[in-house]
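Read the structure below first, then the notes.
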Amino acid sequence: MNVIRSVLWCALVGACSSNAHAVLEPILEHGEWSAETGLEYRYFKDPGEFGQSQHAAAVRLSAEYFTSWNDDMDLFTFRPYLLLDFQDSERTHFDIREALWIHVGEDWELRSGVTRVFWGKTEFINLVDVINQQDLVDGDDEKLGQPMINLSLVHDWGLFDFYLLLGFRERTYPGTDGRLRTPIPVDTDNAQYSSDTGPNDIDWAARWQRPLNDYVEMGLSLFSGVDREPWYSFNFDLDNPMLVPNYHHKDQLGVELEFLYEGWAVKFEAVGVSSAREEYWAAVTGIEYSFYGLFGTNIDMTLITEFMHDSREDLAPGYLEHDIGIGGRFSFNDEYDTNMLGGFLWDPDTEEKVISLEFERRLYSDLKLEIQAVSVLERGTPEVADTNVEAIADILNSPLFGDDAFSYNEVVEFLAGLIEDEGLQFIFDPNFGLDLLQQVQRMADTSRKISVIESDDYIQLKLTYYY
Amino acid sequence: MLIKNNKIAGILVSFSLLVAAPLFAETPEEKGYNIFKAAEDRDEGYVDNEADMLMILMNKQEATSEREMSVKGLEGKGDEGDMSLMVFLSPKDQKGTALLTHQHKDRDDDQWLYLPALKRVKKIASSKKSGPFMGSEFSFEDIGGQSIEDYTYKYLRDETYEGQDCFVVESYPVDKNSGYTRIVTWVDKEHYRTLKAEFYDRKKSHLKTLTASGFKQYEGKFWRPGEMLMVNHQTGRSTILKQNNIKFKTGLSESDFNKNSLKRAR
């Protein structure tokens, strides 16, 4: 983070080096603060597989400072964020979600600093959305702030955005005391980078958006930088087993299309990706229909169906590799802004089934309630071996760890080392590391993604107070 | 927008004394159209405007919640429709939520909603127009500006409303997605301001009544009401919409009404 912070500072100051004071002075004047505090409680149906608590509580603290000057042609926003988790120390973290200076010109604007950017059209997954790292430990939709310089041009041909991404943020993961973790914890302190990339990389991206006619909007995007999604290798330390995130460089072409007509919406996102490790494409297509004023009430209902496919099939790192999503959104359009969202994900190949329900409503003018319930109806539990021999054979046959795989040599070295130290007999000794080998085997079974992440049913209550 | 359609907007709208030349032998349809055309003509040349708005939502007895907004509007040049940008300041969980509208005279308007928590801009389907706006008794079509081509008209009668001589005109939405079958409007003869309007729903029963008050004239020409009250007769609920700090010709341009300005609206 220190590197990122100094890069950001250089960017902010360097962009107007002639007189840094002239820039910093207005930032500190006439600003206004706002803040929010959130209390979060999660109840898990079952105790954790690794002895974690059924109850989890967390506090979110967030503030925002905003000021503008030069007749609103310059704007500055600062948004620090702190998540305090009472069970999982890895989940407790601080982030600068935004520290952004926007300078507005006639048909352009320059955004310098840390911010979050959204790309995409679809609902269940946004394949093209690559600028920010996911703040996985915080939640599915949360993102870490990314330092950048972004030039945005408004032209007759559409909206053009060019990004210089200054430094890379590593993904966050739950720790050993947290829920929804991988069976073997992720070693966030020792992430590895492939030779063509690193944490201080300066990457670039571009996006072009425009309407094609009255009903269709399109977007084209390019990204060349560190893949936000890591691969994992095993540290082969039986006393302190850890998964090590491996980050690689990737080049990505993204396409977005959205067609709106009356109550219908057809949405499409696709990416083509090329890296030293792999080449693949992935796409999501969705159809939505909205009923406005359902049964004469003020309620709007939108039904959503999306189909997801990744050409890597089982080798894709996410679990939405060949899935169908069905959802329903209910907007009550009342004075409390009550909304409900139901989602059902189904993988017809593996029979993985996940259902999620969300509800939100403002209780008083400054207090908001959010409830979320997630249930994994079918996790497609993989079979694990009963003996070390079977487990090792399975791991060596898996596409992730086996022949041709990135870490094949490490696996072989590790086994050879064990045989040297313990003698060949260990592979027949069920007391020697079978549990661990079974966990590695679980991860090696690439067709069962949900079973890798501890998939417990839970309900989450969130109360947020706005100042 | 500064709420400026010929109904509600008509409300905020107003006109000079330069009267459209009266026509001979008008049919009631022509006369109704001409009244609204005259109202529109009187609002020409406003260039741009800004205002702060306060919306008070009420049930039968009392106010239940408030929302504050800031709005900007830009007059369309030539055949172009008007543009508007509305941003929410409260309730605080909605702060920064903003609505951008590009009106079109010959087709459906374009509307985009910005959701600051997700940093996401979503295009809004035009069929949503009959739905309630932010839980109020105003619908999207009441709030969004409308052009004269969106209705057909029929002059009904002359009538005095609150001591002012008015034309009473009935108008019929062209768009089948409208929540209304007809709207009866009281337009004052002196300034062509909409003082009152009655809205009839798809079942042709009386749904809502709008009344406008506290008119002030700006730039020596444009009349805008300080307060509008929309009463829903079927639910007993009502919404008050107040505007203040109304300013004209503040130097806005098209670049204040694109997706970039939507995202940074305050």
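Nothing here was measured: the structure is a model prediction, and the numbers come from that model. What's counted below: heavy atoms across the whole structure, side chains too, no hydrogens, waters or symmetry copies.
Here Glu75(B) does not pair with Lys77(B) in a salt bridge; the nearest charged N to carboxylate O distance is not below 4.0 Å. Using a cutoff of 4.0 Å between basic side-chain nitrogens and carboxylate oxygens, Arg60(A) and Glu142(A) are not scored as salt-bridged. The residues Glu288(A) and Lys267(A) are annotated as salt-bridged, a charged nitrogen and a carboxylate oxygen being separated by less than 4.0 angstrom. Using a cutoff of 4.0 Å between basic side-chain nitrogens and carboxylate oxygens, Asp129(A) and Lys143(A) are scored as salt-bridged. Salt bridge annotation for Asp337(A)-Arg362(A): present, with a cationic side-chain nitrogen under 4.0 angstrom from a carboxylate oxygen. The residues Lys72(B) and Glu50(B) are annotated as not salt-bridged, no charged nitrogen and carboxylate oxygen being separated by less than 4.0 angstrom.
Side-chain contact, Asp142(B) with Tyr180(B): a donor N or O sits under 3.5 Å from an acceptor N or O. The closest side-chain donor-acceptor pair between Thr115(A) and Gln146(A), if any, does not fall under 3.5 angstrom. For the residue pair Glu269(A)/Asn126(A), the side-chain donor-acceptor check at 3.5 Å is satisfied.
With respect to chain B, the highest number of heavy-atom pairs below 4.5 Å among Thr77(A), Val117(A), Asp214(A), Asp300(A) belongs to Asp214(A). Top candidate by heavy-atom pairs under 4.5 Å with chain B, chosen from Gly263(A), Gly293(A), Ser152(A), is Ser152(A). Highest contact tally toward chain B, considering only Ile102(A), Leu159(A), Asp161(A), Ile299(A), is held by Leu159(A) [criterion: heavy-atom pairs under 4.5 Å]. Taking chain B as the reference chain and counting heavy-atom pairs below 4.5 Å, the highest number among Asp107(A), Asp141(A), Val104(A) is found for Val104(A). For the set Lys123(B), Arg120(B), Lys263(B), the entry with the most heavy-atom pairs within less than 4.5 Å of chain A is Arg120(B). For chain A, the option among Lys259(B), His104(B), Arg107(B), Arg202(B) with the highest count of heavy-atom pairs below 4.5 Å is Arg107(B). In terms of heavy-atom pairs under 4.5 Å with chain B, the best-connected choice from Lys121(A), Glu109(A), Lys368(A) is Glu109(A). The most heavy-atom pairs under 4.5 Å with chain A, out of Glu254(B), Lys203(B), Met134(B), Lys122(B), come from Lys122(B).
Met69(B) has its side chain within reach of Leu241(B): a pair of non-hydrogen atoms, C-beta onward, lies under 4.5 Å apart. In this structure the side chain of Arg79(A) never reaches within 4.5 angstrom of the side chain of Phe66(A), judged on heavy atoms.
Looking at Glu66(B), neither its backbone nor its side chain comes within 4.5 Å of chain A, counting heavy atoms on both sides. Both the backbone and the side chain of Asn333(A) come within contact range of chain B, with heavy atoms under 4.5 Å apart. For a residue to count as touching a neighbouring chain, one of its non-hydrogen atoms must lie under 4.5 Å from one of that chain's; by this rule Ser130(B) does not touch chain A. For a residue to count as touching a neighbouring chain, one of its non-hydrogen atoms must lie under 4.5 Å from one of that chain's; by this rule Ser34(A) touches chain B with the side chain only. With a 4.5 Å cut-off on non-hydrogen atoms, Gln209(A) touches chain B through its side chain but not through its backbone. The part of Asp366(A) that comes within reach of chain B is its side chain, from C-beta onward, which places non-hydrogen atoms under 4.5 angstrom from that chain. Proximity to chain B involves both the backbone and the side chain of Glu106(A), based on heavy atoms less than 4.5 angstrom apart. Residue Ser331(A) does not touch chain B at all, counting heavy-atom pairs closer than 4.5 Å. Contact of Phe118(A) with chain B is made through backbone and side chain together, with heavy-atom distances under 4.5 Å. Looking at Asp93(B), the atoms closer than 4.5 Å to chain A (heavy atoms on both sides) sit in the backbone and in the side chain alike. Heavy atoms closer than 4.5 Å to chain B are found nowhere in Asp71(A), neither backbone nor side chain. Of the two parts of Asn177(B), only the side chain, counted from C-beta on, holds a non-hydrogen atom closer than 4.5 Å to a non-hydrogen atom of chain A. Heavy atoms closer than 4.5 Å to chain B are found nowhere in Thr464(A), neither backbone nor side chain. Heavy atoms of Glu258(A) lying under 4.5 Å from chain B belong exclusively to its side chain. Heavy atoms closer than 4.5 Å to chain B are found in the side chain of Arg111(A), but not in its backbone. Of the atoms belonging to Glu360(A), not a single heavy atom falls under 4.5 Å from chain B.
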Let me see the working for Trp108(A) and Phe162(A) under ring pair (Phe, Tyr, Trp, His ring centres under 6.0 Å), right down to the final yes or no.
CA-CA 11 Å; Trp108(A) 58 275; Phe162(A) 301 94; over 10 Å; no
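Panel note: side chain Asn70(A), backbone Asp72(A); no donor-acceptor pair is recorded below 3.5 Å.
No more than 12 heavy atoms of other residues, nucleotides or ligands shown are found within 6.0 angstrom of OH on Tyr215(A).
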